[in-house]
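A quick note: this is a predicted structure, and the numbers were derived from the prediction, not measured. Letters A, B, ... are given to chains in the order of the sequence lines, protein chains preceding strands, and every chain is numbered from 1.
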There are 2 protein chains.
Amino acid sequence: MSRRAVQSRIARTAESLFVAKGFEETTVDEIAAAVGMSQRSFFRYFASKDEVVLDSLARLGEDMAERLTERPRDEPEWDSLRRSFDPIVERYTDPGHREHDAALQRIVECSPRLFAAYLGRLDRLQRTLADRLVARAADRTGCEPDALLLRATVGGAFACLHATMLHAVADPEAFARCLDRTMAALRPAAA
Amino acid sequence: MSRRAVQSRIARTAESLFVAKGFEETTVDEIAAAVGMSQRSFFRYFASKDEVVLDSLARLGEDMAERLTERPRDEPEWDSLRRSFDPIVERYTDPGHREHDAALQRIVECSPRLFAAYLGRLDRLQRTLADRLVARAADRTGCEPDALLLRATVGGAFACLHATMLHAVADPEAFARCLDRTMAALRPAAA
DNA sequence: GCAATGATTGACAGTCGCTGACACTTACGG
DNA sequence: CCGTAAGTGTCAGCGACTGTCAATCATTGC
C-alpha cells in the first residue's frame, strides 16, 4: 500500500471523526485507533494533526502555483491571479468535491488554532506566487520589478478570494460570480 | 500590584528570553522561573505562550478599531482604513517603540506557529473593522451595504499593510511612504 | 483587634501533541 | 539463506496547558 493511499485513508477516517466530534475534541490516539495503527505511525504519515486537514489545501496550492506559471508573461498580474484561482472555483462547482470541501472548510473555521495554521499556509502560498510574479516581471522588463507592490497585489487578490470563500459557504453556486465581482471592484488601476 | 503590571513584567522578561534563545526554544517554565512565579501562575496571566507576544498587538488592534470609528461617515472606506493604520505608522516612527517592536516582529516571523497565530489575530481584526464599515455604510445610506465587498476591501488594505510591514523591516523610516504608495496603487476605483 | 470572606498563589496530577530510541517483522536482492 | 532496507509497535520523555485543592494574603464588616 502506497504512502499516498495510507495518508488518504487516515485523512478520510480523521475527517469523519472531526465532523462528528470537532477537531480539538478528537485525539490523534482516537484517529490512530480508528485507522488501526499506533499513534507513532500516525506521525510517520502526517507531521502534525493540523496537516491531516491542511494537506489537501497544500495540493490545491500547488495547482494554483502551476496555473500561474502557465499564464502568458505579459498578461496583467490581476488577471493571472484570477486564473490561478480557477482550481478553487472548479472545486466549488464540482458536486463531487463540493460537499466534502465544505465540511473541511467548516472544520477549519470552527477551530481557531487550525484556522490560524490555514492562514499561515495561505501566506506561504502568497509568497510563492509573488516570487513567481517578480521573476516573471523581471524576465519581461529586464529591470528590477517592484516586489513590494507585487506582494501587495497578490495579497489583495487573496483578500478577494478569502472574503468570497467565507461569504459563499451558504451559496456555492454563486462562488465564481462573487469572486469575479469582488476582484473587478478591487482591481488595481495600474495592473 | 495590578494585573496589568504583572502581565507587563512577564512580557518584558519573556521577550528578552525570546530574543536571546528564540521563541520555540524558550520554555514557559523558564519564563515563570525568571519572573519568579510558578508555571501555573503564568497561565493565570496569559492564556497561552503565544499571547505573551501577541498581547501588545491586540492593544494596537483596539487602537486601530477606535481610529476607524472616529472617521467621518462619508469618507471613502479606503481612506478611513489608511487612517486607522496610523497607530502602526506612529509606532514605526517613534524611536522609543521602534526598536522593541522590531524585535517583537522578528520573533513572530521566526516562528511559523507564532506567525500563524498572528495572522489569526489579524483576520479577527479585519472582521471587526469590516463589521464597523458595514454598520457605517448602513447608517449612511439606509440600505443594506455589500458586506462581501467591504470585507474584501478591508482585506486589500491589510494586504498593503502586511506587505509593507514585511518589506520595511530593513528600513523603518520608509514605512509611511511605502504604505502610502502601496495603498495608492491598490486603491479600489469605486472607493 | 478579630473573624469571615474572597482573591491570589503554589503544588500536584493529568491530558494531549509530538519526538527520539530501540527492537521486531516483513520484503526483497544477492 | 543471509543482509539490508523499509515499515511498524512500544516505551519513555518533553512541553504546553488544565483542573483541583490547600494555603496564604488582603479586605471588609463587626
| said: Please verify the inter-ring angle class for Tyr92(A) with Phe175(A); under 30° counts as parallel, over 60° as perpendicular, anything in between as tilted. | reply: parallel

| task | Grab the CZ-P distance between Phe42(B) and dG15(D) for me, whole Å please. | result | 15 Å

| Whole Å only: how far is the CE atom of Met37(A) from the C1' atom of dT26(C)? | 16 Å

| query | Whole Å only: how far is the CZ atom of Phe43(B) from the P atom of dC12(C)? | reply | 18 Å

| request: Check step by step if side chain to side chain contact (heavy atoms under 4.5 Å, CB included) holds for Val19(B) and Arg106(B). | output: CA-CA 9 Å; Val19(B) 170; Arg106(B) 227 170 299 124; over 6 Å; no

| remark: Phe46(B) CZ to dA16(D) P, in whole Å, measures 15 Å

| said: Rounding to an integer number of Å, can you tell me how far Glu30(B) CD sits from dG15(D) P? | reply: 8 Å

| field | Test: Arg59(A) and Asp55(A) ion pair at under 4.0 Å | value | yes

| request: May I have the distance from Leu54(A) (atom CG) to dG17(C) (atom P), rounded to whole angstrom? | output: 16 Å

| task | Report yes if a donor N or O on one partner sits less than 3.5 Å from an acceptor N or O on the other, where the partners are the side chain of Arg40(B) and the base of dG19(D); otherwise report no. | result | yes

| field | Close side-chain approach of Arg3(B) to Gln7(B), heavy-atom, < 4.5 Å | value | yes

| task | Check if the side chain of Arg44(A) and the base of dG9(D) share a donor-acceptor pair of N or O atoms closer than 3.5 Å. | result | yes

| request: Check every atom of dA16(D), dT9(C), dG17(C) against the side chain of Tyr45(B) and return the nucleotide holding the closest atom. | output: dT9(C)

| query | Starting at the 5' end of DNA chain C, which residue's closest nucleotide do you reach first, Gln39(A) or Gln39(B)? | reply | Gln39(B)

| Looking at the side chain of Ser38(A), which of dG9(D), dT9(C), dC18(C) is the nearest nucleotide? | dG9(D)

| field | Trp78(B) side chain to Met183(B) backbone, donor-acceptor under 3.5 Å | value | yes

| Choosing from dC18(C), dC17(D), dT9(C), which nucleotide comes nearest the side chain of Arg113(B)? | dC17(D)

| task | Would you mind reading off the distance between Ile10(A) atom CD1 and dT8(D) atom P, rounded to a whole angstrom? | result | 9 Å

| field | Protein-nucleotide distance (Arg3(B), atom CZ; dA26(D), atom P), rounded to Å | value | 19 Å

